[in-house]
Amino acid sequence: MSDTHAQTVAYVRDTMLDQQDPPLNQTGAVKWIRENLFSGWLNILLTLLSLWVIYAALSHLLPWALRGIWDASNLSQCREIIAELYGPDKPAACWAVLAERWPQLIFGFYPKELYWRPILAFLIFLAAVAPVLFSSVPRKMLWVSALAPFVLFWLIWGGSLWGPIAAILGFVIGWAILTFAAPKIGNLISVILAIVVPVIYWLTLCGPLAGALASVVPLSLQTVPTQNMGGFMLATIIGVSGIVLSLPLGILLALGRQSDMFIINKFSVAFIEIIRGVPLIVWLFTASLLLNYFLPPGTNFDLMLRVIIMVTLFSAAYIAEVVRGGLAALPKGQYEAADALGLDYWKSMRLIILPQALKISIPGIVNTFIGLFKDTTLVVFIGLLDPIGLSNSIRATTDWNGVYWELFVFIGLCFFIFCFSMGRYSLFLEKKLRREHR
Amino acid sequence: MATISDPPERGFRLSQLIFDTRYRSMTIQVVAMILIGLLLSWLISNTIHNLEALGKDFDFGFLSQPAGYDINQQLIDYNNQMTHGRAALVGILNTLLVAVLGCALATVLGVVAGVLRLSNNWIVSRLTAVYVEGFRNVPLLLWIVLIFALMTESMPTPRDFRGEDGSSMILGESVAITNRGVYIPNVVFSRSLGGNEVAAPEPEAPAAAAATTNMAGTYGASRIATGGAGVQTGQTDSAATTGAAEGSGAEGGEVIPTSSGWDWLLILAVLIAGSIGAKVLGKRATRIQEATGKRPTTLPLQIASVLVPLIVVLVLLGASLDKPELGGFNFDGGVHLRNSLIALWLALSLYTGAFIAEIVRGGILAISKGQTEAAYALGLRPGTTMNLVILPQALRVIIPPLISQFLNLTKNSSLAIAVGYMDVRSTLGGITINQTGRELEGMLLLGLFYLVLSLLISGVMNVYNSSVKLKER
Amino acid sequence: MSELATREVDRSQMKVSDEVAIQISKMNKWYGTFHVLRDIDLTVYRGERIVIAGPSGSGKSTMIRCINRLEEHQAGSIMVDGIELSSDLKNIDKIRSEVGMCFQHFNLFPHLTILENCTLAPIWVRKIPKKQAEETAMHFLEKVKIPEQANKYPGQLSGGQQQRVAIARSLCMKPRIMLFDEPTSALDPEMIKEVLDTMVELAEEGMTMLCVTHEMGFARQVANRVIFMDAGQIVEQNEPEEFFNNPQHERTKLFLSQILGH
Amino acid sequence: MSELATREVDRSQMKVSDEVAIQISKMNKWYGTFHVLRDIDLTVYRGERIVIAGPSGSGKSTMIRCINRLEEHQAGSIMVDGIELSSDLKNIDKIRSEVGMCFQHFNLFPHLTILENCTLAPIWVRKIPKKQAEETAMHFLEKVKIPEQANKYPGQLSGGQQQRVAIARSLCMKPRIMLFDEPTSALDPEMIKEVLDTMVELAEEGMTMLCVTHEMGFARQVANRVIFMDAGQIVEQNEPEEFFNNPQHERTKLFLSQILGH
Amino acid sequence: ATLDDVKARGELKCGVSTGLAGFSAPDANNVWQGFDVAYCRALAAAVLGDPMKVAFTQTTGQTRFTALASGEIDVLARNTTWTFSRDVDLKFEFVGVNYYDGQGFIAPKSLGVASAKELDGATVCIQTGTTTELNLADFFRANNISYEPVPIETNAEAQQQYLAGACDVYTTDASGLAATRATFETPADHVILPEIISKEPLGPLVRHGDNEWGDIARWTLNALIAAEEYGVTSANIAELSSAPTNNPEINRLLGTEGELGAMLGLDAEWAKRAIMAGGNYGEIFEKNIGEATPIGLSRGLNAQWTEGGLLYSPPFR
Ligand SMILES: Nc1ncnc2c1ncn2[C@@H]1O[C@H](COP(=O)(O)OP(=O)(O)OP(=O)(O)O)[C@@H](O)[C@H]1O
Ligand SMILES: Nc1ncnc2c1ncn2[C@@H]1O[C@H](COP(=O)(O)OP(=O)(O)OP(=O)(O)O)[C@@H](O)[C@H]1O
Ligand SMILES: NC(=O)CC[C@H](N)C(=O)O
Ligand SMILES: [Mg+2]
Ligand SMILES: [Mg+2]
């Protein structure tokens, strides 16, 4: 080695340096503004443009919203008040329509004195989803979640408590068959039995049993017919039932689509493609107009129920595709390891494959649910009174003829809050998953 | 050493139906088949019974009966004496129109917003986040209704354009934005391939026509035409001048400029030929680069190869602009983009654009930072890196969900019902069903139309998917 | 290997019975038209420890996986514990619960803790009470020296630790036959030693073992028999002593010269 | 390592000139408020082979990346080939086309074949005719012993092959300075030998090289200088001989004791 | 049979419009009010004994017939025009006429049109799925003038479009025009053009085929009309029905004489309850759309035949 570099060779540090603060232009507001807003002419241009957009939007919206009138009994009165307060031609909102009609927008035509029931139901619902959504909530709460659907049904529709109880009994029967009979008669048969027996029970015994019990101990709430439900309550009921019901169906369809069995596979593919290929609104029209053609003469069931079924099928097809993506993302080794341990198909699905595939698919599933919730507005076209439908009928009255923005803003905000928080939840999950398996 | 036992008998036992992997799946499938068959036949027999009970039959004859209703926006010839089938066709075309327009605008919006959302400019990325979250989290129906209301409530009526102090048209008096829609100039040809009518020799007519054409010439230079052909300023200039020359040169019977399908076909063909030419130029550049290492500049040539033939054809056809003018109740002439179309189009594009923005953002983020760094470390410029390294990879991630967004947009266009846009659901699935009472047949046809459309689109997607997959492994 | 070499394994202690554990005869397998396994004939007696060696791509993994029916063979027959492998689901389930497998790529279940990974199959297949399953699991985790990781998730472990979990998991089913596919590939030399020690212990307890590995130290110390495969065929099989010192086949000689020279 | 050790590298053959290739002075870098690099002073002469060692997280990769301006430094200066690294885009382009980099995680372009990966930059940056670029690429692929893989995609190669492609790709630009970030992390011992051989060859041709590695054999045989980093600082630098036999700093001693004991 | 279904359900399902002032609209207390609604209430009172046992379904011009055909509603009372094809081809049964109407146009005064014939080139708002749509097409074709239709789903939307100036005129049944205009801020700024371009007999309808149910619906309507003719009002009905009067027609109507109720499959007091639900036809008219209301429709053609109108109930015998 040449000795030209003697000064750089044999360098030994004697004291360790302390950590210094970064230079000022590397932190603080100055750096931030320079880097984030004014680096380069394109950026400056974009910044100025954005500032202008923000100014334009706010300068129109804010005065209108803040000047708003909260206290008036009809639109012309409201306009008079505005003219009096701010002079003519000054834009101002008439929030009074919300002050007067908000119960209608939220509960539809649900009897006023029974508002406590949907509110209580909503609280129970929140308690029931908590353990499903957040793993920090005690696992025991899952029992609440399992029972909640029945309680919620009873609270919202009223009627005898025995109906839901008799229905629960069906599930108990199925569970009993699975746990007690399976070792004796084999898995496949017991699964079939566990499905068939409860269905027979629901179709035949369930009703009379509930009736008999009710005649002994009548435990019942005032019945509220479906037509009286509307507004966000309706959207929530349809959305939540659709979500809860479509998930298992979607998973089954996804498994079917992954299956090697020709007929099962093709059936699942056809089902998924047909459902997804046609707009929801056409399906809703089918539910409201054509379903009666397909059912035995004389059957006639609730429009809301039909809508829920359609919405469930529709989102199940979407969920199936999302879950299929999750299944495909799992490495083949996971299937093999489960096989090598001696787990059978359903056990390996339940214990190994689905828990992982579902975790991967959660963001997609949540997005499907957001979509489903937003799509509940389409029921307005088949005569159910969702928030948009109600806004139309509020506008149809003499008092509030001509009110648009206030209602739209309110409805939009409510949906935004719902959907945005669902979206945030899915982000939260995504981050949590990333932390768990690096 | 134990003796080896013979392989067990290969006889067939009943239990094999359940426990043997080969037969088990057969058993399950046969059972499934039977169940599905039973379900279908049950549904069909119910339908037959119900139809009988109602005294209805299953018959598509209604498609050939006269419709009796008018449709405001027709891409093909239609009047209320034509059949329901024709009306359905008009609806189908309207659906396709708004779907194509929507997909185009949504892609532009989505790509721009997706890229801006990744911008390191804080305000810009926040603002696009507000756009994306705002549109994603509020029902589309609400946006459609809202935009529709915004347009009808806050734009001036055609009446307001009358008088001195009223609203005025923009872009050199050629575009009128009213609460009934937007009126834009139309491109017409004085030597149309479909043949031109000659104005009746009324005394004032030639003068008026000449005046109109002259005006086109005067304003043509300073105007950007937004007509169907997407013509640009340069040609408008020359075309309009030609029109003016035509106008003043003609004596007696004035030729009325019109446009026919043939003209547009010719223009389309020229455009396609031009872009093929541009592609050939690009290929040649690549060949030169491969041979010498230097890539010749081709962009101006490529642009010219598209534009020059187009200008020539427009001049030959004698293109001019037919501007909207305030008539009795409405504007006459030009192209009328109705409110319903605009509201639906904007709402669909803005809404879908928000989803596309997320897809684009995700696609770009999915290409790991390492790829950019590797390209930079090799000395590639950012532009080249984008073209050769990032985009080819990001597109694979982006295109499949992008296409399913297109599918969603197409299906969502059925919300046209909210603004009275006459799409296929409103004609075939709405008025026709209502007037004829053929809901079963009508809904079936409607569902089939959407199904075929979406199968076509997803077929295209599958072809794309498998073509890029092949390249990778 | 130096460590292993110093340890004296009393090979006579390990029991080899006359009972046949695995009987493969004239087994052939194709991937599409690619003939991976050709006319494999192999008899494994209960308690034998067999090492399978061979160049990459020679079909070692494929053969092991056929014994578990993770791959289907197309000709010939495989009998495990006297049961023929066919499409019969009941037989497959029975065999799989008797044959443990430790994968080249571990295939741990990332959504379960280490302990849950180990107890899952005993609880659901063997129907063992949870408490007892956990005790067994802890026993084996201690054997591979990672009891303190029991409540972590696989993602939180280093590669070597993961591989040891995979070994422990397959042992928790207390299988009579164990298949190891390169069980030391992800380990650094120090770790390799630990894992091989565990396997030696198992061997001493009389478990039937098939082990694909290139750690010839292990073969020398523990195996009854070394099988050398190439291009889908068993080229040579012999006792370790003979195999290493006096290879018969040209291909074997070439391979050994590379491995030993490394 | 034994192979390398047997090979006699004639260190005096490798040219080290007086010309300064890289001059780093008082360079500091922060990630947010985290001070990653502190007062780095380093002069590299043309033709030098420098090995950078240090515990994980000590800032080795970060320093290397600063030289390529994949990371921006916030204080002090870096001069490469006499050009100061600043925000000037033209300078950056110039420097990047002179400085090759081989990443710890390869960062191959998965949508291009091996050959296309190697010819992309020569064609678009150096403006070399395609044919000629391909010839150069094949030359380097042969050097790393994978010419037969030229038309495969990165996804079809094993980790070791990928790493060799990464090395070949960076060499195809014929850079005057090469930065290697742990170029042997994914290779098995046999392959490690091959790759190190290639690097020795390059060194003999007089390329300036900075190499982050823990293969102390390489350091001993090839390097002019070993730099030891800890907590964002250069703690010690010396000729290999001195560095290994007679470390000065406590931290160095501790580190060497671990590495050598392994 | 529909009657049994309704009785079993304990509720009458009635289709109304999506909100047309005076004809059907829910008030702030969620109670439906209006002229069409009153008929449904009367029918519910007759069949179920309680006028409040009605479930109202909002239908648009497009959805109403399918809703009725599919059995989603039992009766449609939604200012629907009785036409040949609806009766025969769509397989419905109109049970009578509760309002004789015709199609008209409304235009802003400022537009300066005096006649519909001056509307060449105008933009016209129409509700889709209505006879209006077809009449309009015929009218403009017959007069050889052109127009631009703006199809709209509900009356509320049409009103919005019209007021915002998105269409020059709005056309629908004259009664609907009056109802709509009544809700305007300044009704006086709008004129209803003199032309009535069609006949629009509006009435309730039921499905074809179930004649018993059709009879009940028909005779409930007739009972309301007859009650006005005979001077039976909600004020005096209690008195008139307590004992047979000397008018046998009234006696038969109110069930104090004869078996009319039983013939319908109802009890004897069905008509009495129907009338008590909201009064006789005249009372319903005056309360919901009459001259004292903001809608301010005069009886006109809808007066009793005895007063020069067209209302004529067949005899209760
Ligand atoms: N799914 C497959 N389709 C086609 N060929 C395959 C498939 N799986 C494996 N092969 C081929 O079968 C041969 C044997 O593979 P196998 O995994 O058994 O090799 P191995 O001996 O375990 O090698 P290694 O030591 O690398 O693990 C290889 O040449 C491989 O390319
Ligand atoms: N983008 C970043 N943001 C914040 N901290 C970072 C970032 N990148 C690296 N660091 C931190 O900087 C330090 C130096 O990282 P660097 O990659 O240079 O380490 P290294 O010496 O190369 O280690 P290894 O040998 O593990 O590759 C580490 O402590 C790391 O956590
Ligand atoms: N405007 C309406 O909704 C009803 C219109 C007309 N009476 C019809 O039956 O079609
Ligand atoms: Mg293998
Ligand atoms: Mg590093």
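A, B, ... follow the sequence lines: proteins, then strands. Residue 1 opens every chain.
- In terms of heavy-atom pairs under 4.5 Å with chain B, the best-connected choice from E:A122, E:G129, E:A69, E:S110 is E:A122.
- When each of B:I431, B:N80, B:D70 is tested with E:E133 by the rule side-chain contact (heavy atoms from CB on, under 4.5 Å), just one qualifies, namely B:I431.
- Expressed to the nearest 0.5 Å, how far CG of B:N339 lies from SG of E:C167 amounts to 10.5 Å.
- Interface summary for chain B: among E:H208, E:Q161, E:E157, E:R64, the most heavy-atom pairs under 4.5 angstrom belong to E:Q161.
- When the shell of 6.0 Å around NZ of E:K109 is examined, it contains more than 12 heavy atoms from other residues, nucleotides or ligands.
- If you take CZ on B:R438 and OG1 on E:T66, they are separated by 14.0 Å, rounding to the nearest 0.5 Å.
- At a 4.5 Å heavy-atom cutoff, E:L136 makes no contact with chain B through either its backbone or its side chain.
- Of the two parts of B:M151, neither the backbone nor the side chain holds a non-hydrogen atom closer than 4.5 Å to a non-hydrogen atom of chain E.
- There is no contact between B:T178 and chain E, counting heavy-atom distances below 4.5 Å.
- Residue E:Q160 touches chain B through both its backbone and its side chain, counting heavy-atom pairs closer than 4.5 Å.
- Scanning all heavy atoms of the two residues, the minimum distance from B:T152 to E:A166 falls at CG2-CB, 3.7 Å.
- Of the two parts of E:Q127, neither the backbone nor the side chain holds a non-hydrogen atom closer than 4.5 Å to a non-hydrogen atom of chain B.
- Heavy atoms of B:F148 lying under 4.5 Å from chain E belong exclusively to its side chain.
- Contact check on E:E148 versus B:R180 returns no salt bridge, with no Lys/Arg side-chain nitrogen under 4.0 Å from an Asp/Glu carboxylate oxygen.
- Side chain of E:D89 to main chain of B:G437: no donor-acceptor pair is present (N/O by atom type, distance under 3.5 Å, no hydrogens or angles).
- Taking B:M422, B:R338, B:H336, B:Q73 one by one and counting their heavy-atom pairs under 4.5 Å with chain E, the maximum is reached by B:R338.
- Rounding to the nearest 0.5 Å gives a distance of 9.5 Å between CG of B:N72 and OG1 of E:T123.
- The number of heavy-atom neighbours closer than 6.0 Å to CG of B:D59, taken from other residues, nucleotides and ligands shown, is above 12.
- Ranking E:I126, E:I152, E:D120 against chain B, the residue ahead of the rest is E:D120, based on heavy-atom pairs under 4.5 Å.
- For B:A418, the part sitting under 4.5 Å from any heavy atom of chain E is the backbone (N, CA, C, O) and nothing else.
- Across all non-hydrogen atoms, the minimal contact from E:P151 to B:G420 is CG-O, 3.2 Å.
- Using a 4.5 Å cut-off between heavy atoms, E:R86 does not touch chain B at all.
- Residue E:Y147 touches chain B through its side chain alone, counting heavy-atom pairs closer than 4.5 Å.
- Against chain E, no residue from residues 86-96 of chain B qualifies, as none has a non-hydrogen atom under 4.5 angstrom away.
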